[in-house]
Amino acid sequence: MFTISKSSRGVVCLRGGDRGHMDEKYFPKKIEAKWQAHWAKNKSFQVQVDDDLPKFYQLEMLPYPSGNLHMGHVRNYSVGDVVAWYKRLKGFNVLHPIGWDSFGQPAEDAAVKRKVNPRDWTEENIKAMRGQLQRLGLSYDWSREIAAHRPEYYKFDQWFFLKMYDKGLAYKKLTQVNWCEHDQATLSNEQASGGLCWRCGNPVTKRDLEQWFFKTTAYADELLDGLDSIGGGWPGNVLKRQRDWIGRSEGSYIDFAVRVPGKTGSLKPEDRRTIKVFTTRIDTIYGATAIVLAPEHPIVQEFSNQLSAEVHAKIAEILAEKAKPADHEAEVEKDGIDTGLKAVNPFNSELVPIWVGNYVMMEYGTGAVMSVPAHDERDFEFATKFGLPIRQVISEPHMAHEHHTMHALALEQPFTSSGVLVHSDYWNGKTSEAAIEEMTHHAQMHGFGEPATTYKLRDWGISRQRFWGAPIPIVYCDACGTVPVHFDDLPVELPENAPITGTGESPLSKVTEFVETACPKCEGPARRETDTMDTFVDSSWYYFRYTDPENEVLPFSPDIAAYWTPVDQYIGGDDHAVMHLIYTRFWTKVMRDIDLLSLDEPVTRLLTQGMVVGETFFDDESGKRIYQPPTDVAVERDAKGKIISARSAEGKELKFAIERMSKSKGNGVDPDEMVEIYGADAARLFVLFAAPVENELVWNEAGIEGAVRFLQRIWRYVYKWKDSFGNSSPAAEQGEAARKLRRKTHQTIRRIDLSLDTLQFNTPVAALMELCNALYDSGIEPETATADEISAVQEAVTSLVLMLTPFAPHTAEELFAVLIGNDNGLLANGARFPEFSEELAADDEIEVVIQVNGKLRSKITTSPGQGIEELETAALADAKAQEFIAGKEVIKVVVVPDKLVNIVVKG
RNA sequence: GCACGCGUGGCCAAAUCGGAAAAGGCGCCGGUCUUAGAAACCGGAUAUUGAAGGUUCGAAUCCUUCCGCGUGUACCA
């Protein structure tokens, strides 16, 4: 038979003994292998366009092939598989693909550290992880697998680049990057943290570098307004974050003329300059007491020789401070200096000082603000620090006629809401809203302003000085300049290898065979662009490629994509809420505008799942966290299981936290190990059941045994009954036990249907458990059951197995085979998700609660649908209720049909 | 600092519109079985729903304040 022993982790595992007679026992390994082979052999999940079937596109975010699946993947893909199976069983033609986000930095890190070829490393990792996914039994159409690092794929990254270049959506511009002079390397913000190079520790400088950009800003309005049409299909916080990221802001530009003291009005026309400011609150302009410029503002340069040494020094200081990558923890204190220059407020001709301030950013708006301390927090802080006047010009409506000057002096904090204008000449008494419109119009009429809209969204910088990415298909020719590669010459293939140093200089620039080429225009000697594209490029359109993965001419056929897309359900981590999901929305609009698609939005429904986290233990005395695997740590816990203290094997006190599971932190759980011990079905079932999908899941190994037990319980029940079922239809006469069971069955189907439609995955598992419990509790036994009971059990068991399919497909397939008597599988047998009957799900009698003054006093049993008056009468007549009403005045009676009657009494 | 979200038995969690003495699982305790342990089966205990106010006939659910936790964001004019 079999033996059961404790594994080294203290968990239960099954060991197969006599393999000949084990069908009646649940051996996950055996059936999982069997059905995985069946699915592969029968290509069960391969799908084709079929205009007669409704389609469903189920997509999960594709993994980076790091080499190991982690529990976050297991969660993500288990959830996706539930939806895919559910829709299949509902009769949909389900596209459920997977692929590899296989370009990116870790491959280069591996190349540096382990001297391996990034391509070989990547391919090996894909092989390993594909095996892991298959052992989990995920229902992917493997014939559509793609990998971003293969030329067949990145050829079309380049194809898109050229299309965008043609449309003016791809362009090159000078931009500042973090630069380490010592390493001759560009650094990301993280790598330049604290203003020092992470590798050599030397100070980081900013360097101008020519980089390629995609013009995402061309679609800024559409990206923002499109969020409204997505509406309820996406989580609210994702919509919000995208709105904030795009950051559209409506306001006005206003020009302030510049004056140089001592040269009153004597500037020659060609020397006259204005400063354009952007403001959303033109209604506060009478309160402007300074103009504050970003230190990089061109006016600073232009009037450079008018500025004192002190001003120059301060500007240099601010710039130096800004050059340091920001430390996110610390709040930067406001700093600045009066340049001595003056500006003219065009509304009242008042002269205000021009300052330079560290809180004004050149990258946003115009790099200049009008400082209105009374009505803006930042300006208030700045003015308070440097003694600038604070002048109130907006009042709360009910105070508009009081003594504002006095009030203004008393302002202890800025008044930033809208209100009514005061101290604003002609505009006094107008509301902010009216004033904003009228004053902008006034400015426009007089030629010193106009309405303006600004965005936080920037163009997408795609240049990377890296090897492991898609080469940018551009050639530089001394004669012809920047020349795009011909479409026919794609792909521009990566060389087999390149000197990867990991210091950040472009490896491709050192591969002469790659760099040296002929100009596509004049055929003279030319040089290739040696930067590669950001990997977000690959993931911006991959799921369109899945629809037509072998197309050599186009990224995909528009007709095929039109059938499958948009994605009906997308599932992934919420860390991609902004970048990936903005870029792919941008890409969709570009694809639409080059006639590949007719969609505006690519993803109908989005689900972001929470992280899988676990306890970590580490020592950070050295300033860097050194993690210890939990198995080597002695942990002391309080009564609630919270960690009080932790010590390493050597007895050293360790710090602890709950962090995202990963191998490097030592708190990872290896999915292979889980599958080995418990089986893929139990592992998946548990991950789904343990917590709502959007919540963080704190890994707790113990719970998984309950999942195994549940599967075993179903298994045993099916085997107990399988020989008793017949083909007869439900008997007309039904006894109480049969009726009760059928009611539970149909209620469960209704409940699970609803849960899955609303993307809840933990509650349907609980519902399945309840139905299973109901079967055991029904007391119906095969030996003594009547015909109606047998058919009720058969209905319940069949429904249970079918509904189990999305959660534990191997077990469900096997049990379905046992029930139906063949091994052809669910799909070949045309299995469908069970349907419920409202009639059968309805309770035939219900309990109605009788409360007196809100306290439960009695219950009556009645049929559903009783009228309010009947219920009221019945409640008032109830003997127990009478006891509590007796001698008191009934004030009112609240009746909730089918639920309760509450009698309110006084006295 | 700001914004948003969340606090339900020891743990994870459920609860259409505000409507019963608040599901299910894990863990725990007891019993049957067993050489023993485990599994399996049967049974059991455990909740002022973070705190304090308020609205209501009635609050886990709505409002206010506070406490705790989490996420996002960082001078966006």
Side-chain angles (χ1 to χ4, degrees), chain A residues 2-6 12 14 235-238 240-241 244-245 247-249 251 277-281 284 292 326 328-334 357-361 363-372 375-379 381-382 454-457 574-575 577-578 610-611 637-642 658 686 689-692 694-698 700-710 712-713 716 754-755 758 760 762-763 765-770 772-773 776 847-859 891-905:
Chain A
F2 62 94
T3 56
I4 296 161
S5 63
K6 283 229 164 196
V12 178
L14 302 171
N237 72 323
V238 174
K240 181 182 182 298
R241 280 162 67 188
D244 291 350
W245 185 268
R248 182 164 68 194
S249 171
V277 304
F278 174 73
T279 179
T280 54
R281 294 295 303 274
T284 65
V292 185
H328 277 264
E329 305 302 306
E331 191 155 334
V332 183
E333 198 178 337
K334 291 204 171 27
N358 65 343
Y359 72 102
V360 180
M361 300 185 302
E363 304 82 42
Y364 183 80
T366 59
V369 302
M370 61 179 205
S371 176
V372 185
H375 305 292
D376 181 282
E377 284 180 22
R378 296 148 303 180
D379 295 337
E381 199 187 318
F382 192 70
T454 61
Y455 302 87
K456 273 198 261 185
L457 183 74
D574 111 305
D575 36 345
V578 179
M611 285 192 296
R637 292 174 192 273
D638 67 12
K640 290 193 164 191
K642 289 222 165 66
I658 290 182
F686 171 64
F689 178 57
E694 64 276 10
N695 283 19
E696 195 171 75
L697 170 58
V698 182
N700 169 13
E701 185 113 4
I704 194 169
E705 289 177 47
V708 180
R709 213 168 292 155
F710 168 60
Q712 285 170 336
R713 244 164 106 76
R716 273 197 312 275
L754 185 68
S755 298
T758 55
Q760 288 175 280
N762 53 331
T763 48
V765 177
L768 289 173
M769 289 173 171
E770 281 183 44
C772 185
N773 288 345
Y776 276 95
E847 277 189 326
V848 172
V849 169
I850 300 177
Q851 298 178 334
V852 177
N853 283 351
K855 288 207 172 72
L856 178 80
R857 296 305 187 194
S858 181
K859 289 176 198 171
I891 299 170
K892 76 192 228 188
V893 180
V894 180
V895 179
V896 182
D898 293 352
K899 288 272 184 191
L900 63 74
V901 180
N902 186 12
I903 303 164
V904 185
V905 297

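Naming convention: chains lettered A, B, ... in sequence-line order (proteins, then strands); numbering from 1 in each chain.
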Closer than 4.0 Å, any side-chain N/O of A/R709 to the OP1 or OP2 of B/rC26? yes
Output yes when at least one side-chain N/O atom of A/T366 is less than 4.0 Å from OP1 or OP2 of B/rA77, else no. no
Within this structure, what is the CG-to-P distance between A/L697 and B/rC6, rounded to whole angstrom? 19 Å
Can you see whether A/F382 has A/K334 sitting over its ring - NZ or CZ less than 6.0 Å from the centre and within 45° of the normal? no
Can you check whether A/Q712 has a side-chain N or O nearer than 4.0 Å to OP1 or OP2 of B/rC41? no
Round to the nearest Å and state the distance from A/D898 atom CG to B/rG19 atom P. 14 Å
Return the value, rounded to whole Å, for the distance between atom CD1 of A/I850 and atom P of B/rG58. 19 Å
Looking across every strand, which nucleic acid part, if any, lies under 4.0 Å from A/M361 by heavy atom: base, sugar-phosphate, or nothing? base
Atom-to-atom span, NZ of A/K892 to C1' of B/rC57 - whole angstrom: 5 Å
Of A/V895, A/V894, A/I850, A/V849, the residue whose pairing with A/N902 passes side-chain contact (heavy atoms from CB on, under 4.5 Å): A/V894
Indicate, with a heavy-atom threshold strictly under 4.0 Å, whether A/N762 touches base, sugar-phosphate, or nothing. sugar-phosphate
Interatomic distance, A/Y776 OH vs B/rG24 P [rounded to whole Å]: 17 Å
